Amino acid sequence: MLDFLGTRQRTHTCGELRAADAGKTVTLMGWVNRRRDHGNLIFLDLRDRYGITQIVLDKEISPEGHPKAEHVRPEYVVAAIGKVRLRGADAINPKMVTGEIEVAATELLVLNDSKVPPFSPAEDAIQNEEVRLKYRYLDLRRPEMQHNIETRHKVALAVREYLANQGFYEIETPYLTGSTPEGARDYLVPSRVNPGTFYALPQSPQLFKQILMISGLDKYFQIARCFRDEDLRADRQPEFTQIDLEMSFPQQETVFKVVEGFLKAAFEVAGEKIDTPFPRMTYDEAIRLYGIDKPDQRLPPMTDIRDVFSAEELGSLKIEPGLPIVAIVIPGKQGMSNTQKKVFGQEINAAVGPDLAWLDVERLEKSAEYSALAGRIDAAAGKNCGLARVEPENRLIVLSPRIGTEPPAKDRLWLYKKAGQLRLDLAKRFQDEHRAFEKKGNADDYKFLWVTDFPFFEWDEEKKTWTFAHHPFTSPHEDDLIAGRMESDPEAVRSLAYDIVLNGLELGSGSIRIHRQDVQSQIFRALGMSDEEAKARFGFFLEALQYGTPPHGGIALGLDRIVMILTGTASLREVIAFPKTAKAIDLMVDAPSAVRDEQLKELHIRPVTRS
RNA sequence: GGGGACGUAGUUCAGUUGGUUAGAAUGCUGCCCUGUCACGGCAGGGGUCGCGGGUUCGAGCCCCGUCGUCCCCGCCA
């Protein structure tokens, strides 16, 4: 039998009563976390967002409430009315913040019952993610998830507050819109009143925020939902949230400062201190030192050690001339048994492939012929990594292209990327030994980095053409424009695009935009895009550009990823209230789903069955 | 699109070389218990071994297919 709430009101939450509250008459409401039945004495742990408080039902104190408590089960919703009292010295629970007190109930209202849940919110996350997602409301009751959602809220609020104080306006942009210039697939929404046409859900508010600058709004931000119909990953959901901003008349550094400011504020509300400003690194440097455009600086960089080899050594070791020789340090990795070394060797062989040779400097050290070389390698790599020495505290692997190797292995970029991948694979493989990925509770836990000077063009191997590396409204370096490199040497043109990287994760990406119509046309021409094509895709925007566009630029950061790092979780699903599976399915609402024929007809859509 | 891991009770898992009636813990149900807090004690119930097909005298176990979840590559610039 359920009780009616009547005019009862909650007086306190389940997380706030302390010893100082002893004697107060209170009304608590919440979910039954656990029930411990001792016959004439029943304990209920009452849970809400704020915590857990122990309620005692004593047959003598509450002859009516006690029998109700006998029938109460986990996840029932109850109201307990009674007096806060101090627990006896031996009954204090030091594990609970409310552990010094309990509520001796005089009255118990059973406000709602519950089916037996498929898993208990009182326990840690179950392995079965399918069940967690299907019963998301139960999963979200777990304190851990409530903490993640709380952190997300606090971060978003801190960002809003910071940006508002810096003079940014929060402005909403449409969800029902046209295709934006990111390269991903669009989610399409059919138009009923315009047969055969579709809206696209925004991959980002890119064009709108630029138009807001043309509109003279000066500083814009939005915590914006974005949609991209691409295959998913642990850190990629089909809909995700960006902290999106744009400002007029900025230099790159102006944008960096704003981002550093709100990140500092955001981390602070999550209880983490970070140092600003963040270091800067060019794209070329990132590739050379880390083999990737999003370096994880919790690990030592790579070193090109070609210079320490003598001509004879290069010859006798059969190393391809003219290409880098890359040394990779595996921190905190030393002693291996012969069996381990054998397995290790096979793993690296598989990872580097047939075009690259590799050697373990420890082996080199032991050879009479090369021990001096080993010392020089060690010194060079150590210096670059800021280490006094590499072997034997750390392990040193050297990677070089075999002599006579064919393209693509002859390409520096290919080699650096391959080495960078190996560096990460090895770091992941030995993370239990070096523990570089574990939080240490200081500012070093968060290695922020600005990566700048991205190449403007990118070679599309599939389409055999140059394509834009960022998006087509990114401004090239003025110097490269002045020097005429757009035509003469497109590969060398740098863009005013920048990424913000944290611990090897791309947090966000932005650029200074093109504000001049003549430059914009030049870019489209360089990309081989005809005036007609450009007009068809972005006509409204090109038109807008011609009405007094101020220099402007901005950035967008993944809110979900920031919260993921702050909560130390391994998947975006842990920080999104209602996420989707790797196949973009919402298991709780069962979306996407088939719709009625009439609905399709109304939308002028006919399904095609693929054979 | 490709590769990998997993799928057995509500949940977490075990299940040997293919061999009787598929087990454990926990949760669940009932009874008992006035100081527990992962309470405890006694008793009980609970299975389409993801699904379909095949091999076999016999399949949770072997084979083929399929579905689902997760991870990675491609993709997402």
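Proteins get letters first, then strands, A, B, ... in listed order; numbering begins at 1 in each. What you see is a predicted model, and the numbers here were worked out from it, not measured in a lab.
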Open item on the list: So A/R87, base contact, sugar-phosphate only, or nothing? Heavy-atom distance under 4.0 Å.
Closed with: base

Open item on the list: Say we look at B/rG30 and B/rA24: how far apart would their C1' atoms be, to the nearest angstrom?
Closed with: 22 Å

Task: Contact nearer the 5' end of RNA chain B, comparing A/E230 with A/L587 - done: A/L587

Open item on the list: Any base atoms under 4.0 Å from A/Q127, or only sugar-phosphate, or nothing? Heavy atoms, all strands.
Closed with: sugar-phosphate

TODO: Answer with base, sugar-phosphate or nothing: what part of the nucleic acid does A/V56 contact at a heavy-atom distance below 4.0 Å?
DONE: nothing

Task: Nearest-Å distance for atom pair CG/C1', residues A/L232 and B/rG68 - done: 15 Å

Task: Selected nucleotide, minimal atom distance to A/N93 side chain, candidates B/rC37, B/rG30, B/rC76 - done: B/rC37

Open item on the list: Run the side chain to side chain donor-acceptor pair (under 3.5 Å) test on A/T13 and A/D48 for me, step by step, so that the C-alpha distance in whole Å, both residues' side-chain angles and the decisive distance to 0.1 Å come before the verdict.
Closed with: CA-CA 7 Å; A/T13 69; A/D48 64 14; 4.6 Å; no

Task: Contact under 4.0 Å: A/R236 side-chain N or O vs B/rC73 OP1/OP2 - done: no

TODO: Give a yes or no on whether a salt bridge exists between A/D139 and A/R132, defined as a side-chain N under 4.0 angstrom from a carboxylate O.
DONE: yes

Task: Salt bridge flag under 4.0 Å for residues A/E144 and A/R142 - done: yes

Open item on the list: Need the pair for B/rG7. Rule: Watson-Crick or G-U wobble, both distances under 3.5 Å, any strand; none if unpaired.
Closed with: B/rC67

Which atom pairs link the protein and nucleotides 22-27 of chain B when you take only N or O atoms and keep those under 3.5 Å?
none

Task: Nucleotide opposite B/rA14 in a Watson-Crick or G-U pair, distances under 3.5 Å - done: none

- [ ] Please figure out whether A/E506 or A/I585 has its closest RNA chain B nucleotide nearer the 5' end.
- [x] A/I585

Atom pairs and distances, donor-acceptor, side-chain atoms in residues 284-292 of chain A, under 3.5 Å, two or more places apart:
residue, atom, partner, partner atom, Å
A/E285, OE1, A/T282, N, 3.3
A/Y290, OH, A/Q297, NE2, 3.4

TODO: Just call it for A/A91: base, sugar-phosphate, or nothing, with non-hydrogen atoms closer than 4.0 Å on any strand.
DONE: base

TODO: Ignoring the backbone of A/R34, work out which of B/rC37, B/rU12, B/rC39 is nearest its side chain.
DONE: B/rC39

Open item on the list: In whole Å, I'd like the distance from the CD1 atom of A/I42 to the C1' atom of B/rC31.
Closed with: 14 Å

Task: Base partner of B/rU20, which must satisfy Watson-Crick or wobble distances under 3.5 Å - done: none

TODO: Run the salt-bridge test on A/R35 and A/D37 with the 4.0 Å N-O cut-off and return the result as yes or no.
DONE: yes

- [ ] Tell whether A/E102 reaches the base of B/rG35 with its side chain through a donor-acceptor pair below 3.5 angstrom.
- [x] yes

Open item on the list: Categorize A/K59 for me: base, sugar-phosphate, or nothing, with a 4.0 angstrom heavy-atom threshold over every strand shown.
Closed with: nothing

- [ ] Return no unless some side-chain N or O of A/R36 is found under 4.0 Å from OP1 or OP2 of B/rA38.
- [x] no

- [ ] Would you kindly check whether a donor in the side chain of A/D231 faces an acceptor in the base of B/rG74, or vice versa, at under 3.5 angstrom?
- [x] yes

TODO: Kindly write out the residues that satisfy ring-ring contact (aromatic ring centres under 6.0 Å, His included) with A/F198, not counting sequence neighbours, or none if the list is empty.
DONE: none

- [ ] Under a 3.5 Å limit for both distances, which nucleotide forms a Watson-Crick or G-U wobble pair with B/rU29, could you say?
- [x] B/rA43

Open item on the list: Starting the side chain at C-beta, find the nucleotide from B/rG35, B/rC75, B/rA77 nearest to A/R85.
Closed with: B/rG35

- [ ] Using a 4.0 Å heavy-atom cut-off across all strands, classify A/R35 as base, sugar-phosphate, or nothing.
- [x] nothing

Task: Complementary nucleotide of B/rA77, counting Watson-Crick and G-U pairs under 3.5 Å - done: none

Open item on the list: Tell me the closest heavy-atom pair linking A/A105 and A/I61, and the distance in Å.
Closed with: O-CG2, 3.7 Å

- [ ] Identify the nucleotide, in any strand shown, that forms a Watson-Crick or G-U wobble pair with B/rU55, with both distances under 3.5 Å; if there is none, say none.
- [x] none

TODO: Give a yes or no on whether a donor-acceptor pair under 3.5 Å exists between the nucleobase atoms of B/rC32, that is its base, and the side chain of A/D37.
DONE: no

Open item on the list: Assess whether a salt bridge exists between A/D235 and A/R561, defined as any Lys/Arg side-chain N lying under 4.0 Å from an Asp/Glu carboxylate O.
Closed with: yes

